[in-house]
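Taking it in order: structure first as structure tokens, then the write-up.
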Amino acid sequence: MNFRNITFKLVLIVLIGFYGNAFAQNKPELKWTKDGNGYYQMINGELASISILENDRKTIVSRELLYNNGTNPGRITDFQISEDGTKVLFYTNSKKVWRYETRGDYFVADLKANTFTQVGKGKPASSLMFAKFSPDGNKVAYVSQHNLYVDDLQTKSSKSLTTDGTDRIINGTFDWVYEEEFDCRDGFRWSPDGQSIAYWQIDARKIKNFLMINNTDSIYAFTIPVEYPKVGQDPSSCKVGIVNIASAQTKWLNIPGDQVQNYIPRMDWIPKSNEVILQQLNREQNVSKLYVANATTAAVDNIYSETDKAWIDAAKDWQWINEGKEFIWLSEKDGWRHAYRISKDGKKQTLITKGNFDVIENSIIDEKNNLLYYMASPLNATQKYLFKIKLSGGGKPEMVTPSILPGTHTYEISPNAVFARHTYTSALVPPITEWMRLTTLNPLTMAGSITNQLGRIKPPKNKVEFFKIKTEDGIELDGWMKKPDNFDQTKKYPVVFYVYGEPAAQTVTDTYGAGRNWLYAGDMPKDGYVYISIENRGAPAPKGREWRKSIYKNIGVLNIRDQAMAAKKIIEWPFIDKDRVAVWGWSGGGSSTLNLMFQYPEIYKTGIAIAAVGNQLTYDNIYQERYMGSPLVTKEAYIKGSPVTYAKNLNGNLLYIHGTADDNVHYQNAEMLINELIKNRKVFQMMSYPNRTHSINEGEGTSEHLSLTYTRFLQQYCPAGGKSK
């Protein structure tokens, strides 16, 4: 077996193993210059600005200022430029908070004074979070140990804006579940006039600790507590306050509804105003309300509401137009995800995009030219393209992406909507990038164009094939397949299905990485496997609201049947050996693997489930209640969709893998499942990774060991290679 690059492959598992088939491009987010004609970049230890047309490089912060002034900032992770361009805030020495490195140290480079000073000096090392300049650039606000602070760069003074922060009273950031399921991390916003800050406060004092056990770092085991609200348990209390910088006094917004039984996943200031807008979701997440609050009086108006029979997602953000009088909003209320322009009082609503297709996401507004740019793929749900349409509504969409480049496209567009960094990838093409002028849809140079780069890429001999398959239920599903090298149609081959299956991610996308099994310690096509992934209903594919939300109260049932009915058709293909059928997945994909093995043992002979939710009643409330309804009404759907319910049906070869320090899907799931298998005398194999998290990549040798364990089991119980018919 070839173990080269296994460490690299296993790092990607965090992204593709349980989040779908997104290929990690390691491409930093662009930091555009204010005029949109250039961007900033760290190069050789200094910060430079680069003009796009001339490709001229200008040093903004020298290496000498950063490293030779008696202050060593350490490893620079990120930076931001003040609004007036005279200061730079550097983020360094970053450390993990659960999934991402969101705490560290901050330093300010003053370009006029030629000084370099630390923000929050005297605070514990690597304890500052989400530091950001005030609008005038003279102050920096940040969170440290769950309190908000502001440093005045002119007077060189520091002030605490909140003092009640504890491990459970959380100011300016969030608890575990808000971070994991709403993608909430940065929890405060400067007002446009710089006189105040709006911030979240999470009260997690009533959230029970889940205790993980560390048996490896001491001769006496100790527990690691995580405040983790399980299904059916109340969430943390949440409120939004406005703190005055001068007085450090907070005024709490009078938001209607119970602070525990409602969530506030999004909040921001309305530009050039003294008003805050926020989204509130009820506990079941099927009622969404937008409120506008006056920061002075704390009075709140409900300007817009939506309801759904299933769930409503937390918004991405607000895009404001017409000098802050209107905003762009994505809604599925007509059955498709479309862009609307809505007045600040909610009284006027205009549908911008129209038709039987989904807006995947908005890209940018070019208000000067009355255009909205957005991503969509009306004809192929595995792909993604850039479109533009009149911002005023009523026009026909125009595809910006060249139709000769089928696949997946991303665009990082300049603030003036003139330039873009365009990245193209497909199952056959690794990510390649060009600079383009958006207004003319042309690359800036032919030498650096995508078409020119494509000419230098050698296409693979064994291509990934995309296909559609209709199940006996009349449901048409997308899939991809990678056949063995030197495929011989007169032979039968083993098939390995890769599955995720839940609403958090797609697996069948036309991106580089489709058809590749990053966990396999060798070459699957060379060894003689057919590798397949199917996209079931409920996946977040651009196929309309009904497609995505048909899985409501049906996780573990509908998605599993779709997968199995597709596999039932596939194993009848003449080159598939129905006696050698394997399935694997991670996290939600691990849960799907277990359910497929238990509910359809006549199809799936071998399974490898990693970090699986064995019992849906053990998972967090925000995710599981969103998709399965309230367990306080009935737990029937939870029980019906959980692998532990069907463990007694195991007939095939199962390998179950879990990290004992998984803060996301607790090891408790493994033990509950093991108990059911033992009770029913079902023999299986188990690999636990001591003190490893959900990604199972901590510790020397872990990634390689995981890959080897996976590969040897697969090869033993689902042997590779073609057999004569």
Side-chain angles (χ1 to χ4, degrees), residues 29-30 32 34-36 80 83 132-136 183-184 186-200 240 242 253 255 264-280 288-296 299-306 313-331 333 337-353 359-375 387-395 411-418 438:
E29 179 185 353
L30 275 179
W32 293 97
K34 192 173 181 179
D35 61 11
Q80 60 177 275
E83 184 68 19
K132 54 182 80 78
F133 284 118
S134 59
D136 64 6
D183 200 28
C184 290
D186 179 353
F188 71 93
R189 310 283 185 266
W190 277 102
S191 63
D193 64 6
Q195 301 302 306
S196 58
I197 286 175
Y199 70 97
W200 278 267
V240 173
I242 312 294
L253 300 183
I255 303 166
I264 305 174
R266 300 291 180 263
M267 177 273 291
D268 209 343
W269 291 90
I270 297 174
K272 300 178 182 178
S273 80
N274 190 39
E275 294 176 309
V276 167
I277 189 167
L278 60 90
Q279 180 188 26
Q280 182 194 65
S288 171
K289 295 181 180 180
L290 299 188
Y291 290 100
V292 170
N294 184 295
T296 302
V300 171
D301 291 322
N302 177 205
I303 62 144
Y304 181 82
S305 298
E306 273 188 57
D313 292 314
K316 292 287 186 184
D317 53 24
W318 288 271
Q319 293 175 294
W320 292 91
I321 57 175
N322 192 16
E323 297 183 338
K325 296 175 184 175
E326 296 176 280
F327 60 91
I328 306 301
W329 189 252
L330 291 182
S331 170
K333 61 185 178 182
R337 188 187 297 116
H338 282 305
Y340 295 78
R341 60 186 293 168
I342 299 175
S343 61
K344 191 179 75 171
D345 61 9
K347 293 179 179 178
K348 183 181 178 184
Q349 301 175 23
T350 304
L351 175 61
I352 301 175
T353 57
V359 172
I360 297 173
E361 61 187 1
N362 289 333
S363 289
I364 201 168
I365 293 168
D366 181 2
E367 196 168 2
K368 180 180 178 183
N369 293 304
N370 189 33
L371 292 173
L372 169 68
Y373 288 89
Y374 64 91
M375 305 304 297
F387 289 78
K388 63 181 179 181
I389 195 169
K390 288 183 179 178
L391 190 58
S392 52
Y411 293 81
E412 295 167 277
I413 301 174
S414 62
N416 57 8
V418 173
L438 198 63

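Along the sequence shown, the residues carry numbers beginning at 1.
Looking only at distances, no side-chain donor or acceptor of Trp200 sits under 3.5 Å from a matching main-chain atom of Asp186. Judged purely by atom type and a 3.5 angstrom limit, Asp345 uses its side chain to pair as donor or acceptor with the backbone of Lys347. Within the 3.5 Å criterion, the main-chain N or O of Phe188 finds a donor-acceptor partner in the side chain of Lys132. A donor-acceptor pair under 3.5 Å is absent between the side-chain atoms of Gln279 and the main chain of Ser288, judged by distance alone. Under a 3.5 Å cut-off, the side chain of Asp193 and the backbone N or O of Gln195 do form a donor-acceptor pair.
Interatomic distance, CG of Asp317 versus CG of Leu330, reported as 9.0 Å (0.5 Å rounding). Here the CG-CD1 distance, from Leu372 to Ile364, works out to 10.0 Å after rounding to the nearest 0.5 Å. For the atom pair OG1 (Thr350) and CD1 (Ile342), the distance works out to 9.0 Å, reported to the nearest 0.5 Å. We find the NZ-CD distance between Lys348 and Glu326 to be 5.5 Å, quoted to the nearest 0.5 Å.
Between Asn274 and Thr296, the side chains place a donor N or O and an acceptor N or O closer than 3.5 Å (distance only, hydrogens not considered). A donor atom on one side chain and an acceptor atom on the other are found under 3.5 Å apart for Ser331 and Glu306.
Within the 4.5 Å cutoff, side-chain heavy atoms of Trp318 are placed close to those of Arg266. Glu323 places none of its side-chain heavy atoms less than 4.5 Å from the side chain of Glu367. Tyr374 places none of its side-chain heavy atoms less than 4.5 Å from the side chain of Lys388. Arg189 has its side chain out of reach of Ile197: every pair of non-hydrogen atoms, C-beta onward, lies at least 4.5 Å apart. At least one side-chain heavy atom of Ile321 sits under 4.5 Å from a side-chain heavy atom of Arg341. Between Pro135 and Glu83, every side-chain heavy-atom pair lies at or beyond the 4.5 Å cut-off. Using a 4.5 Å heavy-atom cutoff, the side chains of Pro415 and Lys34 are not in contact. A 4.5 Å side-chain heavy-atom check between Asp366 and Tyr373 finds at least one atom pair inside the cut-off.
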For the pair Ile389 and Leu371, evaluate side chain to side chain contact (heavy atoms under 4.5 Å, CB included) and give the outcome as yes or no after the intermediate values.
-> CA-CA 6 Å; Ile389 195 169; Leu371 292 173; over 6 Å; no
Going through the distances and angles, do Ile352 and His338 end up as a side chain to side chain contact (heavy atoms under 4.5 Å, CB included)?
-> CA-CA 7 Å; Ile352 301 175; His338 282 305; over 6 Å; no
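Under the 30°/60° scheme for interplanar angles, the aromatic rings of Trp329 and Tyr304 are found to stand perpendicular.
Scored by the side-chain contact (heavy atoms from CB on, under 4.5 Å) test, Ile270 finds Ser273, Glu275, Ile277, Val292, Trp320, Lys344 as partners (sequence neighbours excluded). With sequence neighbours left out, Ser414 forms a side-chain contact (heavy atoms from CB on, under 4.5 Å) with Trp32, Asn416, Val418, Phe419.
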